Structure formats: structure tokens, C-alpha cells
Amino acid sequence: MNSKLYLVPTPIGNLEDITLRALRILKEVNLILAEDTRKTGVLLRHFAIPTRMQSFHKFNEHRKVSRSIELLENESKIALVSDAGTPSISDPGFLLVRGCLQHNIEVECLPGATAFVPALVNSGLPSDRFVFEGFLPHKKGRAKRLEALKMEDRTIILYESPHRLVKTLNQLKEVFSKDHKVSVARELSKIHEENIRGNLEEVVDYFSNAQPKGEIVIVISPVL
Ligand code: SAM
């Protein structure tokens, strides 16, 4: 069978971070499934890629999985991209990958951009063992998840939105302690990239004085 699903990482800010293979695959596939066709359209125009697109996002994911599998069973090559970074990492993708594997359709994720790896490496915190927690739940289950993190002996990585950052850092300060080490990566690969490192008290002070903007990853040192 000639069908294949490619998961293609796209830049998290800097357009130069797309790989040569990602560009070739996006040109060669029959269809690109995109989280936001307008955003991906900008990328495709920039690299002069004429491949047609369809939307694939968390609100139509269930319906689109079966339709995409039907297409793939008819010898299609399809690429899935998200707005930024690697599909299926805090983004749609898992359901389609699982569905393809259940139907014996080949799946290949290209290596490429994702936010949590540079945030972890820039942090200077141990990178030999880590746990990626994605976004914390906003309400239900949040306190329980924070409490579980207290016991974690690996470096912890969280995705966060700028308007929740100070609240989350304050909650982390309550769970851990004010002296606990943390690093906040903001706007990775973009003009205003910054990595603010220190203990929780210092980092809360920093962001309380300068309301953060842009995209954010929090990296917290393990409890040793
Ligand atoms: N699939 C993406 C990946 O591979 O990293 C993640 C998508 S998730 C919907 C978006 C979150 O990723 C943001 O809220 C932020 O936490 C993180 N993120 C994405 N781009 C970033 C950047 N340039 N700098 C810092 N964090 C970023």
C-alpha cells in the first residue's frame, strides 16, 4: 500500500526552523490537514507550496479522523500540521495517528520544531530525566495535578498562556517553595525571546512587574 500519514512540524516562530524534508513532504503529499488553514496558508505561500488544504482541529477532529482514514485507504499521502511546532504535542493528532495504526496505515512523524525541547535545554535544569505535563487543567483536577507534581523527581515542563503565568507561578510557589528553581522561556525563536531563570520568588516578581506577552513554557527543577 502506498498510503502514508506524515506528521510535519512547523516553526514555532522563526520560519527558518522548517526542515528541508518538511518542505519536500508538504509539496509531495496529496493533501495537507491543517489546524488553521489561514495560518498554514501563510507558511505555504512563503515557501511556494501549492498543495491543497483541509481543516483539522479539535472541534472537527473526530469526524475528520474517519474521513482521512478513508482517503488514506485509497492510496493517498496526507500531511498533518498544527499552527506551530509538532502535531499531537498539546495539539490535535493523537486520534488520527491511533486510527491510522488501527487500519494498518503507515505513520511517520518528521523530527522538527517543538517548544518544550529548547525551553528545557535553555533552562539549565537537569535534562536527563523530565516530564512533559502540557497545559495544567484550568479548574477541575488542577489542585490534584499540582499536588502530584510536588512528588516529582524529574524536571517538569508546563505550557502556559501569558495571562495565567503569574497565577500559575504563585501556585507553584505554594506547592514547592519560594526558593525552588524555575525557568520561564518566552517567545522562543522570535525577536523578543527571553529565558528568565531564578527561584520561584524572583521569577514571580519579574513577571508581576512586567505583564508577560507571547508564548510561554515553564520549566521547574525536580524535588531532590
Ligand atoms: N505543538 C506545539 C509544540 O510542539 O510545542 C505546542 C502547541 S500548544 C497549542 C501552544 C503552546 O506551546 C503555547 O501556549 C506555549 O506554551 C508553547 N509555545 C509554542 N510556541 C512557543 C514559543 N515560540 N515560545 C514559547 N512557548 C511556545
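Atoms within each ligand, like the ligands themselves, are counted from 1 in listed order. None of the values given here were measured: they were computed from a predicted structure.
In the vicinity of Ile89, heavy-atom distances shorter than 4.0 Å reach the ligand 1 atoms 1 (N), 2 (C), 4 (O), 6 (C), 7 (C). Remark: ligand 1 atoms within the under-4.0 Å shell around heavy atoms of Glu160 are 14 (O), 16 (O). If you number the atoms of ligand 1 from 1 as listed, the ones under 4.0 Å from a heavy atom of Gly85 come out as 3 (C), 4 (O). Atom numbering of ligand 1 starts at 1 in the shown order; those under 4.0 Å from a heavy atom of Val217 are 25 (C), 26 (N). The Lys190 neighbourhood of ligand 1 comprises atoms 23 (N), with distances under 4.0 Å to a heavy atom of that residue. Counting atoms of ligand 1 from 1 in the listed order, those under 4.0 Å from a heavy atom of Thr86 are 1 (N), 3 (C), 4 (O). Close contacts between ligand 1 and Glu187 involve ligand atoms 23 (N), 24 (N), 25 (C) [criterion: under 4.0 Å to a heavy atom]. Each of the atoms 8 (S), 11 (C), 14 (O) of ligand 1 lies under 4.0 Å from some heavy atom of Phe135.
Side-chain atoms of Thr86 do not come within 3.5 Å of backbone N or O of Ile89 as any donor-acceptor pair. Remark: side-chain polar atoms of Ser88 are not paired, donor with acceptor, to backbone N or O of Gly93 under 3.5 angstrom. Remark: side-chain polar atoms of Ser221 are not paired, donor with acceptor, to backbone N or O of Pro126 under 3.5 angstrom. Arg197 places a side-chain N or O within 3.5 Å of a backbone atom of Asn122 that can act as its donor or acceptor partner. Between the Glu61 side chain and the His57 main chain, no donor and acceptor come within less than 3.5 Å of each other. In terms of modelled atom types and a separation under 3.5 Å, the side chain of Asn60 and the main chain of Arg63 share no donor-acceptor contact. Remark: the backbone N or O of Leu26 is not paired with any side-chain donor or acceptor of Tyr6 at under 3.5 angstrom.
In terms of protein heavy-atom proximity, atom 18 (N) of ligand 1 is nearest to Ala115 CB, 3.5 Å. Shortest contact from atom 7 (C) of ligand 1 to any protein heavy atom: Asp91 OD2, 3.2 Å. Tyr159 OH, 2.6 Å is the protein heavy atom nearest to atom 5 (O) of ligand 1. Among protein heavy atoms, atom 4 (O) of ligand 1 sits closest to Thr114 OG1, 2.6 Å. When hydrogens are left out, the protein atom nearest atom 24 (N) of ligand 1 is Leu188 N, 2.9 Å; that is the closest non-hydrogen contact. Protein heavy atom in closest approach to atom 21 (C) of ligand 1: Glu215 CB, 3.6 Å. Considering only non-hydrogen protein atoms, atom 8 (S) of ligand 1 sits nearest to Ser90 O, 3.6 Å.
A salt bridge links Arg129 and Asp153; the closest N-O separation between the charged side-chain nitrogens and carboxylate oxygens is under 4.0 Å. Remark: Glu215 engages Lys190 in a salt bridge, criterion side-chain N to carboxylate O under 4.0 Å. One finds a salt bridge joining Glu108 and Lys4 here, because a Lys/Arg side-chain nitrogen approaches an Asp/Glu carboxylate oxygen to under 4.0 Å.
Considering backbone and side-chain N/O of Arg186, none are found under 3.5 Å from N/O of ligand 1. Ligand 1 has no N or O atom lying under 3.5 Å from any N or O atom of Ala185, backbone or side chain. Below 3.5 Å of separation, one finds no N or O of Ser189 facing any N or O of ligand 1. Backbone and side-chain nitrogen or oxygen atoms of Ile216 are examined, and one is located within less than 3.5 angstrom of a nitrogen or oxygen of ligand 1.
Grouping the Ile, Leu, Val, Met, Phe, Trp and Tyr side chains by contacts below 4.5 angstrom, directly or via other members, places Leu149 with Leu169.
A 6.0 Å sphere centred on NZ of Lys173 holds more than 12 heavy atoms belonging to other residues, nucleotides or ligands. Residue His138 places its NE2 atom among more than 12 non-hydrogen atoms of other residues, nucleotides or ligands, all under 6.0 Å distant.
Distances from ligand 1 to the non-hydrogen atoms of Ala84 include at least one value under 4.0 Å.
Heavy atoms from both the backbone and the side chain of Ile12 come within less than 4.0 Å of ligand 1.
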